[in-house]
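Read the structure below first, then the notes.
Counting starts at 1 for both ligands and their atoms, following the listed order.
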Amino acid sequence: MTWDAIILGAGGAGLLAAAAAGQAGAKVLLLDHADKPGKKILISGGGRCNFTNTGCEASCFLSENPHFAKSALSRFTQWDFLALIEKHGIAWHEKTLGQLFCDGSARQVVAMLLDECAKGQVDVRLSTSIGEIAHRDGAFHVAGEVARNLVIATGGPSIPKMGATGVAYDIAAQFDVPIVTPRPALVPFTLGEEDQAFKDIAGVAVPSVAGVAGVIFEEASLFTHRGLSGPAILQISSYWSEGQPIWINILKDAQTHLKEAKRRMPRAHLKAALAEHLPKRLADALHEVFGITKELANVPDSDLMAVAERLTRLEFQPTGTEGYAKAEVTAGGIDTNALSSKTMEVKAVPGLFAIGEAVDVTGWLGGYNFQWAWSSAVAAGTDI
Ligand code: FDA
């Protein structure tokens with residue numbers, strides 16, 4: 001039998017694409033080498049899956065072509081996915097910044113997608129290797145099966161120990177589809193020995209504004225024993241290139257606070273003034289880093305203002321990132337110039353599609369990456 005479509009990868013993108021195609025009447029085979037579908041969904045959002053974001057729009061995504069995602073995002077929106085969640089009776093709530101989570105468990109999202117696949121009579125085959133792919137007479141031959149359409153939904157190489165691979169790029173290379181160099185994104189930074197004082201306060205988190213190369217995010221930053229993490233840091237990591245410095249504003253209105261502390265508590269030391277606004281361990285570390293040992297009354301205003309300046313722009317030179325082992329997503333991937341933005345089909349290879357994280361479209365932290373998986377899946381699934 002010839003399938004209408006074989007979909008490679010039963011993650012969020014593959015599951016929804018299979019359901020959409022199946023429900024439109026296509027005979028669909030969904031293959032995955034894992035023993036369970038939707039493994040990343042299951043661990044996402046601390047087990048509650050941050051499945052979309054109310055503020056989702058193309059400007060919340062990185063890509064060599066910032067316009068590419070617009071079409072798919074506008075044709076299957078966050079509200080469309082939410083309607084599906086509600087149709088399945090899954091209770092949900094909004095956390096901060098438009099992030100939507102299940103009240104119960106991420107397992108409900110996987111169950112919902114499998115139910116939608118069942119409605120489309122999708123054949124889901126797990127623990128199955130893709131192996132060699134052949135393309136003859138307009139048909140794709142994979143794992144002993146034949147299909148008119150082949151959908152690459154195998155994600156990127158982030159978190160290899162969960163079964164993530166770069167097979168999408170190998171398949172793309174086989175069909176001469178260009179790749180934008182992949183890199184770990186939404187990933188913690190590592191710091192060097194010169195920042196040991198900050199590594200020693202692992203576990204301390206602060207509200208912050210973090211920035212790199214003109215991009216800023218206002219969320220928490222977290223000091224870790226290897227460097228820096230937390231939502232603001234993960235966000236800027238996607239925009240970071242090796243060698244670039246990053247900065248964190250850890251104390252808004254630092255000038256006012258320090259001036260006022262000097263007037264009110266002249267006999268105190270800097271760390272006492274800082275500890276009024278920052279966690280004590282961070283205040284102690286900053287005291288050590290700034291090396292100001294005098295009582296506040298004896299610190300010249302110019303030195304105090306220099307400290308304030310550094311608190312609003314604490315610079316770090318990352319030695320690198322924690323790599324794919326800790327990256328929530330992979331940036332880069334299958335070059336969008338090779339794809340139709342309406343259908344995700346490879347323009348030069350009719351019948352070959354690429355969706356989800358495998359494609360050079362990477363969302364911010366906060367439900368955007370799943371929304372891209374859903375939107376691109378529906379774009380391809382409804383075209384098959
Ligand atoms: P995904 O990686 O989900 O699926 C690919 C599938 O292909 C997998 O099932 C895999 O087994 C299979 N596969 C890979 N190689 C294969 C091979 N060689 N042969 C056969 N099968 C193969 N996003 C978000 O929006 N909200 C959130 O809360 C989170 N949370 C989160 C937490 C953690 C810890 C991680 C690692 C990631 C997130 N994300 C997230 C990101 C989100 O999980 C990710 O963007 C989507 O899962 C991408 O969906 P895809 O279906 O494209 O790939």
Side-chain angles (χ1 to χ4, degrees), residues 6-19 29-53 55-56 60-62 78 81 92 95 97-102 106 109-110 113 124-133 142-143 151-171 184-188 229 231 234 238 322-331 333-334 344 353-377 380-381:
I6 295 177
I7 298 182
L8 304 175
L15 284 163
L16 191 56
L29 174 62
L30 178 59
L31 293 184
D32 203 296
H33 66 170
D35 57 357
K36 271 196 280 199
K39 276 192 174 178
K40 280 195 184 165
I41 298 175
L42 294 174
I43 58 153
S44 67
R48 291 217 161 93
C49 187
N50 177 194
F51 54 79
T52 194
N53 193 296
C56 196
C60 309
F61 293 82
L62 291 84
Q78 56 272 44
F81 192 76
W92 59 274
K95 256 191 173 172
L97 303 170
Q99 301 167 3
L100 304 191
F101 288 76
C102 300
V109 176
V110 176
L113 293 169
V124 183
R125 268 186 223 168
L126 302 171
S127 306
T128 303
S129 300
I130 296 173
E132 293 288 307
I133 298 174
V142 189
V151 182
I152 306 170
T154 48
S158 57
I159 324 268
K161 76 168 189 245
M162 292 190 61
T165 71
V167 73
Y169 315 141
D170 301 336
I171 301 170
L186 299 180
V187 62
S229 187
L234 297 179
S238 300
E322 294 204 36
Y324 288 122
K326 290 282 166 67
E328 208 164 280
V329 282
T330 304
I334 293 175
M344 306 293 134
F353 295 75
I355 58 174
E357 195 176 320
V359 176
D360 172 35
V361 174
T362 307
W364 290 351
L365 188 76
Y368 299 94
N369 284 297
F370 276 134
Q371 186 57 45
W372 170 245
W374 318 136
S375 298
S376 58

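- Per-residue contacts place Asn369 under 4.0 angstrom from the following atoms of ligand 1 (heavy atoms of the residue considered): 23 (N), 25 (O), 45 (O).
- Remark: minimum distance from atom 4 (O) of ligand 1 to any protein heavy atom is reached at Gly11 CA, 3.4 Å.
- Scanning all heavy atoms of the two residues, the minimum distance from Leu126 to Ala34 falls at CB-O, 3.3 Å.
- Atom SG of Cys56 and atom CD of Gln99 lie 12.0 Å apart (nearest 0.5 Å).
- Atom 53 (O) of ligand 1 has Gly155 CA, 3.6 Å as its closest protein atom, hydrogens excluded (heavy atom only).
- Polar contact check, Thr128 against ligand 1: no nitrogen or oxygen pair lies under 3.5 Å apart.
- With ligand atoms numbered from 1 in the order given, ligand 1 contributes 28 (O), 30 (N) to contacts under 4.0 Å with heavy atoms of Gly45.
- The backbone N or O of Leu100 lies less than 3.5 Å from a partner atom in the side chain of Asn50, making a donor-acceptor pair.
- Of the polar atoms of Gly9, none of the N or O atoms is found under 3.5 Å from an N or O of ligand 1, judged by distance alone.
- Protein heavy atom in closest approach to atom 51 (O) of ligand 1: Ala13 N, 2.9 Å.
- Close contacts of ligand 1 with Ile130, meaning ligand atoms under 4.0 Å from a residue heavy atom, involve 17 (C), 19 (N), 20 (C).
- The backbone of Ala10, and not its side chain, has at least one atom closer than 4.0 Å to an atom of ligand 1 (non-hydrogen atoms only; backbone = N, CA, C, O).
- Side-chain N or O atoms of Ser158 include none that pairs as donor or acceptor with a backbone N or O of Tyr324 at under 3.5 Å.
- Distance CG/Asn369 to CD/Glu328: 7.5 Å, rounded to 0.5 Å.
- Looking at Val361, Asp170, Asp32, Leu8 and measuring to atom 6 (C) of ligand 1, the nearest heavy atom belongs to Asp32.
- The one candidate from Ile355, Val359, Ile133, Ile171 that meets the side-chain contact (heavy atoms from CB on, under 4.5 Å) condition with Ile152 is Ile171.
- Using a 4.0 Å heavy-atom cutoff, Ala164 is absent from the residues neighbouring ligand 1.
- Annotation for ligand 1: atoms under 4.0 Å from non-hydrogen atoms of Val329 are 41 (C), 45 (O).
- The residue among Trp364, Phe370, Trp372, Trp374 with a heavy atom at the shortest distance from atom 42 (C) of ligand 1 is Phe370.
- For ligand 1, the atoms lying closer than 4.0 Å to a non-hydrogen atom of Ala153 are 5 (C), 6 (C), 7 (O).
- With respect to Asp32 and Lys36, no salt bridge is recorded, no charged nitrogen being found less than 4.0 Å from a carboxylate O.
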Run the side chain to side chain contact (heavy atoms under 4.5 Å, CB included) check on Leu186 and Thr362 step by step: do they pass? CA-CA 9 Å; Leu186 299 180; Thr362 307; 5.7 Å; no

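- For atom 31 (C) of ligand 1, the candidate residues are Lys326, Lys36, Glu328; the nearest heavy-atom contact is made by Glu328.
- Judged by distance alone, the side chain of Thr165 and the main-chain N or O of Val167 form a donor-acceptor pair under 3.5 Å.
- For atom 49 (O) of ligand 1, the nearest non-hydrogen atom of the protein is Ala373 CB, 4.1 Å.
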Kindly determine whether Trp372 and Tyr368 satisfy ring-ring contact (aromatic ring centres under 6.0 Å, His included), including the steps that lead there. CA-CA 6 Å; Trp372 170 245; Tyr368 299 94; over 10 Å; no

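- For a threshold of 3.5 Å applied to N or O pairs, the pair formed by Ile355 and ligand 1 contains no separation below that value.
- Taken from CZ in Arg48 to CH2 in Trp92, the straight-line distance is 15.0 Å, to the nearest 0.5 Å.
- If you check which protein heavy atom lies closest to atom 2 (O) of ligand 1, you get Lys40 NZ, 3.6 Å.
- The shortest N/O to N/O separation between Glu357 and ligand 1 falls below 3.5 Å.
- Taking distance alone, with nitrogen or oxygen atoms compared against 3.5 Å, Ile43 stays at or beyond that limit from ligand 1.
- Taking CG from Leu30 and CG from Leu8, the interatomic distance works out to 9.0 Å, rounded to the nearest 0.5 Å.
- Under a 4.0 Å criterion applied to the non-hydrogen atoms of Tyr368, ligand 1 contributes the atoms 25 (O).
- When hydrogens are left out, the protein atom nearest atom 26 (N) of ligand 1 is Asn50 O, 2.9 Å; that is the closest non-hydrogen contact.
- Looking only at heavy atoms of the protein, atom 14 (C) of ligand 1 is closest to Thr154 O, 3.5 Å.
- Contact analysis leaves Ser158 out of contact with ligand 1, as no non-hydrogen atom separation drops below 4.0 angstrom.
- The contact set between ligand 1 and Gly356, taken as ligand atoms under 4.0 Å from a residue heavy atom, comprises 52 (O).
- Taking a cut-off of under 4.0 Å to the non-hydrogen atoms of Gly163, the atoms of ligand 1 that pass are 14 (C), 15 (N).
- Considering SG of Cys49 and CZ of Phe370, their distance stands at 4.5 Å, rounded to 0.5 Å.
- With rounding to the nearest 0.5 angstrom, the OG1 atom of Thr154 is 11.5 Å from the CG atom of Leu31.
- Across Val187 and Pro184, no two heavy atoms sit closer than the pair CG1-O, 3.9 Å.
- A donor-acceptor pair is defined here as one N or O able to donate and one able to accept, closer than 3.5 Å; no such pair exists between the side chain of Glu357 and the backbone of Ala373.
- With a 4.0 Å heavy-atom cut-off, ligand 1 is reached by the side chain of Ile159 but not by its N, CA, C or O.
- Residue, atom and distance of the protein heavy atom nearest to atom 30 (N) of ligand 1 are Ser44 CB, 3.2 Å.
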